[in-house]
4 protein chains.
Amino acid sequence: MSVNKVILLGRLGQDPELKYTPGGAAVCNFSLATTEAWTDKSGQKQEKTEWHRVVVWGKLAELCNQYLAKGRQAFLEGRLQTRSWDDKDGNKRYTTEILASTVQFIGGASAGANNNAGVDSSYAQAPAPAQEYQIASDASFAADDIPF
Amino acid sequence: MSVNKVILLGRLGQDPELKYTPGGAAVCNFSLATTEAWTDKSGQKQEKTEWHRVVVWGKLAELCNQYLAKGRQAFLEGRLQTRSWDDKDGNKRYTTEILASTVQFIGGASAGANNNAGVDSSYAQAPAPAQEYQIASDASFAADDIPF
Amino acid sequence: MSVNKVILLGRLGQDPELKYTPGGAAVCNFSLATTEAWTDKSGQKQEKTEWHRVVVWGKLAELCNQYLAKGRQAFLEGRLQTRSWDDKDGNKRYTTEILASTVQFIGGASAGANNNAGVDSSYAQAPAPAQEYQIASDASFAADDIPF
Amino acid sequence: MSVNKVILLGRLGQDPELKYTPGGAAVCNFSLATTEAWTDKSGQKQEKTEWHRVVVWGKLAELCNQYLAKGRQAFLEGRLQTRSWDDKDGNKRYTTEILASTVQFIGGASAGANNNAGVDSSYAQAPAPAQEYQIASDASFAADDIPF
DNA sequence: TTTT
DNA sequence: TTTT
């Protein structure tokens, strides 16, 4: 038995990037900032921003690419995942990402976000009862093609 | 923007009950106990059990009925929902339930649980990447028939 | 082992109510609305609001009374708790509440909220690292010494 | 407004490590494994383990060192935090950790775990109502007076 | 790199 | 590196 759960509400630092694997699976990557603010002992306002790498697969990846953009807010749930890769010097490097399973788009289409102009998108999908934040699994989903 | 999220890990007090609406939608109800234990100031062990009413719809309802039983453990996520109804004296009454969107079955088939004997069910469904805890929406799902 | 966790982000329907028990413990009650919005099959925008009863104890209760008001947003975490009581006809009645352990105040002081005018209150308390959302903090904690 | 929340239930891969900063602040580090299991399309059982670096500060750090050990289970909540550091070749490297704010110890003392033999520790601390998972508690809190 |  |  184990639980691996992440919940984030933050703002995108850049437009999302959508790619497709050779097998045709959609993957969307974006970075999300969460900021905490507090007043320190000396009464000084403090602020600290954390950046999170988010990965989304399948149909939800395409929706994220469509509805999200730099500066937009997103509320998401997912799990932590650490991938390893080799850098240019042959060293093992690790990257921790949030593999998002649900993404909720917050706020209206902002001017300048040319990939979601005028779209109403308070949720990633029509909320079928009890699955409202979820995306039904994509029938054409090429699981064997996904590298994790 | 709002968030309404519940996460529970507990044990069923009774076998789950499965019903179907006139429109054919499956609904599964069960109660789940969560217990907290602590040692009080006088060094005495204390324990308090909370009971939660859980509701599940669609295909996941049928899986819960199949894999869960009295005494079994479940880890679930969902949202809070308060229904009103009229009691026998015509008074408005309220019941708060957890509308579960994902249910993870914990532990093997226990003796006496005749509806899941020998079944391997660590998850409610095959974990398609990034949707691993989710149930794809039931194509024959009669949303109009669901009373909420 | 069990988990009983609630996470809510919503808006207060009324000003919070602060009381004290005979023993002097502070209790704050308020109701919080979470609203979900979606577009139904016919393209119609739908919206559903859920009301949650929230209870807070101790110092955090006083902070909630000070910083929250009707219409203000709050992000909170807590656990579910169902209390029973007897109604006027001697019937057993049950009320489910969220016993909040952390409350984060969102947004600046709104006009008309005369109990928090001009107050900066993005968090319920000074966020000592790693305990930032929590109430009490260890007096001997050497915050300046912690490298983050 | 932002949310940065992690919830993990897993098992320690090694004994925790406790250190103190020059200023005297306690820091505890350990790695936690979460494992997901599922049955793939061909009916084959699959399993994937994720390792998480956890950091705990202050009094809770000392409790973790006291009650946790290799192989023990822990349920924790915290937030994501990515630290940067320079490797031996002068390259910027990043490590993502979970800064835990609450840790719940699961299961009894196991043989071989010589730092928690016979200790009852279902929670990290005495669960003052509504703050049960939290570290410090208000000394003037009238627990006997609270009606739950 | 976001935003307030 | 854990565990079932």
Side-chain angles (χ1 to χ4, degrees), chain A residues 1-4 8-17 29-39 45-54 64 68-76 82 84 92 94 105-108 110-113, chain B residues 1 73 104-110 120-123, chain C residues 1 73 104-110 120-123, chain D residues 1-4 8-17 29-39 45-54 64 68-76 82 84 92 94 105-108 110-113:
Chain A
M1 167 58 190
S2 67
V3 174
N4 175 358
L8 297 178
L9 169 54
R11 216 169 270 277
L12 278 82
Q14 298 294 341
D15 285 341
E17 288 181 18
N29 290 275
F30 57 88
S31 62
L32 195 80
T34 56
T35 303
E36 50 176 313
W38 72 97
T39 305
K45 277 191 156 187
Q46 298 291 340
E47 198 178 280
K48 189 189 170 197
T49 294
E50 200 66 36
W51 286 98
H52 311 272
R53 293 173 171 273
V54 180
C64 285
L68 292 175
K70 177 180 177 176
R72 297 291 300 270
Q73 270 186 300
F75 176 78
L76 60 86
T82 299
S84 74
K92 207 99 189 161
Y94 298 90
F105 311 137
I106 303 172
S110 63
Chain B
M1 166 58 193
Q73 269 187 300
Q104 193 175 324
F105 310 138
I106 304 172
S110 63
D120 168 56
S121 60
S122 55
Y123 286 89
Chain C
M1 165 58 191
Q73 270 187 299
Q104 191 175 326
F105 311 138
I106 304 172
S110 64
D120 169 56
S121 60
S122 55
Y123 285 89
Chain D
M1 165 59 191
S2 68
V3 175
N4 175 358
L8 297 178
L9 168 54
R11 216 170 270 278
L12 278 82
Q14 298 294 341
D15 285 341
E17 289 180 18
N29 290 274
F30 56 88
S31 61
L32 196 80
T34 56
T35 304
E36 49 177 314
W38 71 97
T39 305
K45 276 190 159 188
Q46 298 290 340
E47 198 178 281
K48 188 189 170 196
T49 294
E50 199 67 37
W51 286 98
H52 311 272
R53 292 173 173 274
V54 180
C64 285
L68 293 175
K70 177 178 178 179
R72 297 292 299 271
Q73 270 186 300
F75 177 78
L76 60 87
T82 299
S84 74
K92 206 98 189 161
Y94 298 90
F105 310 137
I106 305 173
S110 64

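Proteins get letters first, then strands, A, B, ... in listed order; numbering begins at 1 in each.
- Taking atom NZ of residue D:K48 and atom P of nucleotide F:dT4, one finds them 22 Å apart after rounding to whole Å.
- For D:T34, the side-chain contact (heavy atoms from CB on, under 4.5 Å) test picks out A:S2, A:N4, D:L8, D:E50, D:H52, with sequence neighbours left out.
- The distance from atom CG of D:L9 to atom CD of D:Q73, rounded to the nearest 0.5 Å, is 5.5 Å.
- Distance CZ (A:R72) to P (E:dT3): 12 Å, rounded to an integer number of Å.
- The CZ-P distance, from A:F75 to E:dT2, rounds to 23 Å in whole Å.
- Remark: P of F:dT2 and CG of D:D15 are 12 Å apart, rounded to the nearest angstrom.
- To the nearest angstrom, C1' of E:dT3 lies 11 Å from CG of A:L12.
- Residue D:C64 comes nearest to D:P16 through the heavy atom pair O-CG, 3.8 Å, listed as atom of the first residue, atom of the second, then distance.
- Heavy-atom minimum distance, A:W51 versus D:T82: O-OG1, 4.3 Å.
- Residue side chain D:T35 does not reach the base of F:dT3 through any donor-acceptor N/O pair under 3.5 Å, judged by distance alone.
- Of the candidate nucleotides E:dT3, F:dT1, F:dT2, E:dT3 has the atom nearest to the side chain of A:E47.
- We find that CG of A:L68 is positioned 16 Å from P of E:dT2, with the value rounded to whole Å.
- Summarising the geometry, the separation between CD on A:Q73 and C1' on E:dT1 is reported as 16 Å, rounded to the nearest angstrom.
- Across F:dT1, E:dT2, F:dT2, the shortest atom-to-atom separation from the side chain of A:K70 is found for E:dT2.
- At a cut-off of 3.5 angstrom, counting only N and O atoms as typed in the model, there is a donor on one side and an acceptor on the other between the side-chain of A:T49 and the base of E:dT2.
- Atom CZ in D:R11 sits about 17 Å away from atom P in F:dT1, given to the nearest Å.
- Closest to the side chain of A:W51, from the set F:dT2, F:dT1, E:dT2, is E:dT2.
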